[in-house]
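Here it is: the structure, laid out below.
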Amino acid sequence: MIKSLRTDDCIDEVISQYSAMVYRLALSQTKNSSDADDIFQDVFLRYIKNAPNFDSEEHRKAWLIRVTLNCCKNLWNSSWRKQTTELDESLAFETPEQYELYHTICSLPKNYRAVIQLFYYEDLSIEQISQILKAKPATVRTWLTRARGLLKEQLKGEID
């Protein structure tokens with residue numbers, strides 16, 4: 001039985017507030033909507049089961065991001081995952097530029113994808129990202145600089 005320290009209304013509010021963030025982060029890490037759906041469900045199931053207490057909304061957000069990244073890591077390390085091949089998915093984007101940017105970001109190494117996602121799409125600071133990823137702020141800045149460089153290089157190549 002799931003222990004419930006919160007009301008259903010509070011859980012619904014948390015899910016509606018953070019669902020887009022968790023899904024975007026999972027999708028950016030897995031590059032697959034089915035896996036992102038599974039991770040999304042797993043993250044919020046853990047939230048409901050564990051009933052963690054948070055000092056602030058920032059603490060809750062950081063917890064959800066950390067759990068999302070851990071679930072993605074668990075997925076990539078699973079023996080089942082190592083024996084599968086990816087299907088080509090076609091996602092709907094409003095503009096061709098968004099499509100190109102999404103696929104260019106997906107081609108980056110995992111750490112670079114994570115910092116780009118957290119910095120630009122989730123509006124987190126370098127300090128917040130370093131706490132979530134458990135890396136030094138200087139390391140996060142380096143990853144962000146390198147990711148920007150790779151993106152600039154790859155996108156410039158597509159424009160030429």
* To do: Keeping the roles fixed (side chain from N50, backbone from R46), state whether a donor-acceptor pair exists under 3.5 Å.
  => yes
* To do: Determine, stepwise, if the pair E122 / R24 fulfils side chain to side chain contact (heavy atoms under 4.5 Å, CB included).
  => CA-CA 9 Å; E122 305 307 329; R24 282 192 311 262; 2.9 Å; yes
* Do the side chains of V67 and F44 get nearer than 4.5 Å, heavy atoms only? -> no
* **Closest contact, heavy atoms only, C72 versus A26** => SG-CA, 4.0 Å
* Approximate separation, where rounding is to 0.5 Å, of L75 CG and D35 CG -> 4.5 Å
* Minimal non-hydrogen separation, I126 against P137, with atom names -> CG2-O, 3.6 Å
* Taking the side chain as every heavy atom from C-beta outward, state whether W143 and L133 have any pair of such atoms under 4.5 Å apart. => yes
* To do: Would you please test L144 and Y120 for side chain to side chain contact (heavy atoms under 4.5 Å, CB included) and show each step?
  => CA-CA 10 Å; L144 191 56; Y120 288 105; 4.1 Å; yes
* Which value, rounded to the nearest 0.5 Å, describes the distance between I39 atom CD1 and K73 atom NZ? -> 13.5 Å
* Would you call R60-E57 a salt bridge at under 4.0 Å N-O? -> yes
* Structure fact -> Rounding to 0.5 Å, atoms CD (Q117) and CD (Q29) come to a distance of 7.5 Å
* What are the two closest non-hydrogen atoms of R113 and C106, and how far apart are they? -> NH1-O, 3.4 Å
* Structure fact -> To the nearest 0.5 Å, atom CG of N74 lies from atom CG of L69 at 11.0 Å
* Say you draw a straight line from CD1 of I15 to OH of Y18; how long is it, rounded to the nearest 0.5 Å? -> 12.5 Å
* What do the steps show when you test K61 against L124 for side chain to side chain contact (heavy atoms under 4.5 Å, CB included), and what is the final call? -> CA-CA 10 Å; K61 182 176 182 178; L124 296 178; 3.8 Å; yes
* Does the side chain to side chain contact (heavy atoms under 4.5 Å, CB included) test come out yes or no for Y23 and T68, once each step is laid out? -> CA-CA 9 Å; Y23 185 79; T68 303; over 6 Å; no
* Can you name the nearest heavy-atom pair linking L150 to P109, along with the distance? -> CD1-CD, 4.4 Å
* Asked: Heavy atoms, side chains only, cut-off 4.5 Å: are N111 and V115 in contact?
  -> no
* To do: Classify the ring geometry between Y47 and F54 as parallel (under 30°), tilted (30 to 60°) or perpendicular (over 60°).
  => parallel
* **Minimum-distance pair of heavy atoms, taken over all atoms of A135 and V140** => CB-CG2, 4.2 Å
* Minimum heavy-atom distance between Y112 and R146, given as atom pair plus value -> OH-CD, 3.0 Å
* **L118 side chain near L25 side chain, heavy-atom distance below 4.5 Å** => yes
* Can you tell me how far NE2 of H103 sits from NZ of K31, rounded to the nearest 0.5 angstrom? -> 10.5 Å
